[in-house]
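Heads up: the structure comes next, in structure tokens.
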Amino acid sequence: RIENLAVLADLLPPGALRERILALAPRGEVFDLDVEVADAGAGKLPDIRGRLRFADVGLAPYGKAAGFAGFDGSLDGRGGGGIVQVATRDASIDWPQQWRATAPVVRADARLEWQRFGDGVRLWLDDAVADSGHGIARGKLRLLLRPDDAPLMDVSATAEDFDVTQLWRYLQVNRLSPKAVRWLDAAFRAGRVTKAEVSITGPTKGFPYREGQGVFRVSGHATGIDLFYAAGWPELKGVESDFQFDGPALHATASRGSVGGVPFTDGEVQSGDLREAIFAARGRAETDAGRVIRMLQATPLAPSLGALFADLSGSGPVKAVAALVLPIKQFDRRVVTVQAMLEGVNLRLRGQPVEANDVEGGLWVRNREIQAPALAGRALGGPWKASITTTPLAGGNLRTILRAQGSLQGAALQPIARLPRNAGLTGTADWRGTLDVLRNVDPKVPARGTVQLTSDLRGLASTLPEPFDKPAGASRELD
């Protein structure tokens, strides 16, 4: 047992070697030991000749190096070089300088060769396969070690069937801001990376090469991703995505997914540097207006859109494109822009008898601002046209004005006005109206609005008793 030999370190004179052996706490078992070790000179890897087998070998983490436990295999020393074969089950890697949890190794198979050159060492890792239980990695590594220089590496690897909910285990937390780490810890609720390809060439120092010291690229495909991105906002569900990393930058495209029950296609997410945790995203949706309204009513945007929006319901086809800028560290500075095309939508306010039907036109929303240059539809038995404008005011307050005009039918107005069936309202009349709403920058402050409706009622006839009787050709101002 290696532990039995390690205790002999207590007999060494005080110094760095003694402290290092004690800190590494070597353990495990060695078989068929037939090895000679010879000094190759100051600062050089010694000559190693002979063979041995090992089982359940482990070392504690030391300095920046990872620790490991439970590894099995063999060593074949050939002087200035040699081969280590690893074939192990149920091992683990502990890297507290980088990872916050010990990584399980369900299975690992690899062939590692080393060769001394000058005062440095070359390492080759070929045919490597590792299964963590969270995914399977395959690949090869070339590593060049020289005194007083950062190690140089060349990695080519693939990953398969990785469970993204376990990403937190492998985040190199010292390379990300605390807020970015907290966000990533909570972000991934479900999903798997079906396959990814990884390429790294450059020094181990400076990864992921923000200043161009090396090359780091990843490309892959993910399926079934559920993503929580901010408190109070609906999760992304069932996202199917291709993704690429180029250095610290991320670019992902999603062929499908949903947010708050609204399905989307042609999604895209970009981040110039994950450490900064600022994401730009866009997506396209063709869905039902009711779904969109219910989704928005469930977001933190809803209070700023006013009480009327909270009572709104709808149905009918909508085409929309959404663009978002999401600074995770300062999420209150987010920008959400939606461009929607209504294609025959029906809208209704809770508790109100009036319904707008066959609404068509473009609608633009940017955070709390609403713009709609030309809407049209039918209500009260006649056609109407409307526009919506929003003007920023001092202090971040907003003024939104809806201007509308159209015609109404007396027969449609009669039940809404709660008149008796024999009221005898007939004919049509033109009307104009405005809804002027002031919204405070503080969503807790209720919006204030005024409604103005005008009509000369020409064309509308009534057989009600005086003073409400009126022939169709007469005018009677309504204001």
Side-chain angles (χ1 to χ4, degrees), residues 225-227 229-230 233-242 251-270 279-302 304-306 308-326 334-350 354-379 383-390 398 400-404 406 435:
I225 301 296
D226 290 355
L227 184 71
Y229 52 94
W233 291 79
E235 291 184 17
L236 293 168
K237 294 278 192 178
V239 176
E240 196 86 12
S241 175
D242 293 315
H251 179 240
T253 56
S255 59
R256 68 173 183 265
S258 68
V259 56
V262 177
F264 66 83
T265 59
D266 300 328
E268 184 175 9
V269 176
Q270 295 190 69
F279 296 89
R282 67 168 181 84
R284 186 183 305 275
E286 295 187 21
T287 186
D288 179 73
R291 285 185 173 184
V292 177
I293 292 170
R294 290 190 295 273
M295 185 269 287
L296 290 174
Q297 288 171 338
T299 72
L301 286 177
S304 66
L305 295 175
L308 289 177
F309 183 77
D311 291 332
L312 186 66
S313 62
S315 63
V318 173
K319 293 180 180 179
V321 177
L324 305 90
V325 177
L326 305 174
R334 65 188 177 271
V335 178
V336 179
T337 303
V338 179
Q339 290 179 294
M341 182 60 66
L342 314 184
E343 299 182 335
V345 168
N346 301 318
L347 299 172
R348 189 182 185 109
L349 287 172
R350 186 184 300 114
V354 181
E355 182 172 326
N357 303 114
D358 303 324
V359 181
E360 297 183 346
L363 183 70
W364 180 87
V365 179
R366 182 182 186 273
N367 291 345
R368 302 164 57 227
E369 298 181 33
I370 306 170
Q371 309 282 350
L375 296 175
R378 295 187 64 81
W384 57 264
K385 295 180 180 180
S387 65
I388 303 173
T389 60
T390 299
L398 297 176
T400 298
I401 301 177
L402 183 151
R403 296 179 175 88
L435 171 63

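Nothing fancy with the numbering, it's 1 onward along the sequence. Worth saying up front: this structure is predicted, and the values here are computed from it rather than measured.
Looking only at side-chain heavy atoms (C-beta outward), Phe264 and Val239 come within less than 4.5 Å of each other. Two residues are said to be in side-chain contact when any heavy atoms from C-beta on lie closer than 4.5 Å; Ile225 and Leu236 fail this criterion. No side-chain heavy atom of Ile370 sits under 4.5 Å from any side-chain heavy atom of Phe309. Tyr229 has its side chain out of reach of Leu324: every pair of non-hydrogen atoms, C-beta onward, lies at least 4.5 Å apart. A 4.5 Å side-chain heavy-atom check between Thr389 and Arg403 finds at least one atom pair inside the cut-off. For the pair Arg294 and Val262, the minimum side-chain heavy-atom distance is 4.5 Å or more. The closest side-chain heavy-atom distance from Val354 to Leu349 is not below 4.5 Å.
Here the straight-line distance linking atom CG of Leu312 with atom CD1 of Ile293 works out to 4.0 Å at 0.5 Å rounding. Taken to the nearest 0.5 Å, the CZ atom of Arg334 stands 9.0 Å off from the CG atom of Leu326. Note that the CD1 atom of Ile388 and the CD atom of Glu369 stand 13.0 Å from one another [nearest 0.5 Å]. Remark: Thr253 OG1 to Asp242 CG distance equals 5.0 Å, nearest 0.5 Å. A distance of 11.0 Å separates CD in Glu268 from CZ in Arg284, rounded to the nearest 0.5 Å.
For residues 354-364, the pairs satisfying salt bridge (charged side-chain N to carboxylate O under 4.0 Å, His left out) are Arg348-Glu355, with sequence neighbours left out. Residue pairs satisfying the salt bridge (charged side-chain N to carboxylate O under 4.0 Å, His left out) criterion with at least one member in residues 312-326, sequence neighbours excluded, are listed as follows: Lys319-Glu343. Every pair passing salt bridge (charged side-chain N to carboxylate O under 4.0 Å, His left out) that includes a residue from residues 253-264 is listed here, sequence neighbours excluded: Glu240-Arg256.
Between Leu347 and Gly314, the closest heavy-atom pair is CD2-CA, 4.2 Å. The minimum heavy-atom distance linking Leu375 with Leu342 is given by the pair CD2-CD1, 4.4 Å. Nearest approach of Thr287 to Pro263, heavy atoms of both residues: OG1-CD, 3.8 Å. Here the closest heavy-atom approach between residue Val269 and residue Ala281 is recorded as CG2-CB, 4.0 Å. Pairing each heavy atom of Gly362 with each of Pro373, the nearest pair is O-CD, 4.0 Å. In terms of heavy atoms, Ala302 sits closest to Gln297 at CB-O, 3.5 Å.
Arg291 CZ: 12 or fewer foreign heavy atoms inside a 6.0 Å radius.
Formation of a donor-acceptor pair under 3.5 Å by the Asn367 side chain with backbone atoms of Thr337 is not found in this model. Side-chain N or O atoms of Asp266 include none that pairs as donor or acceptor with a backbone N or O of Gly283 at under 3.5 Å.
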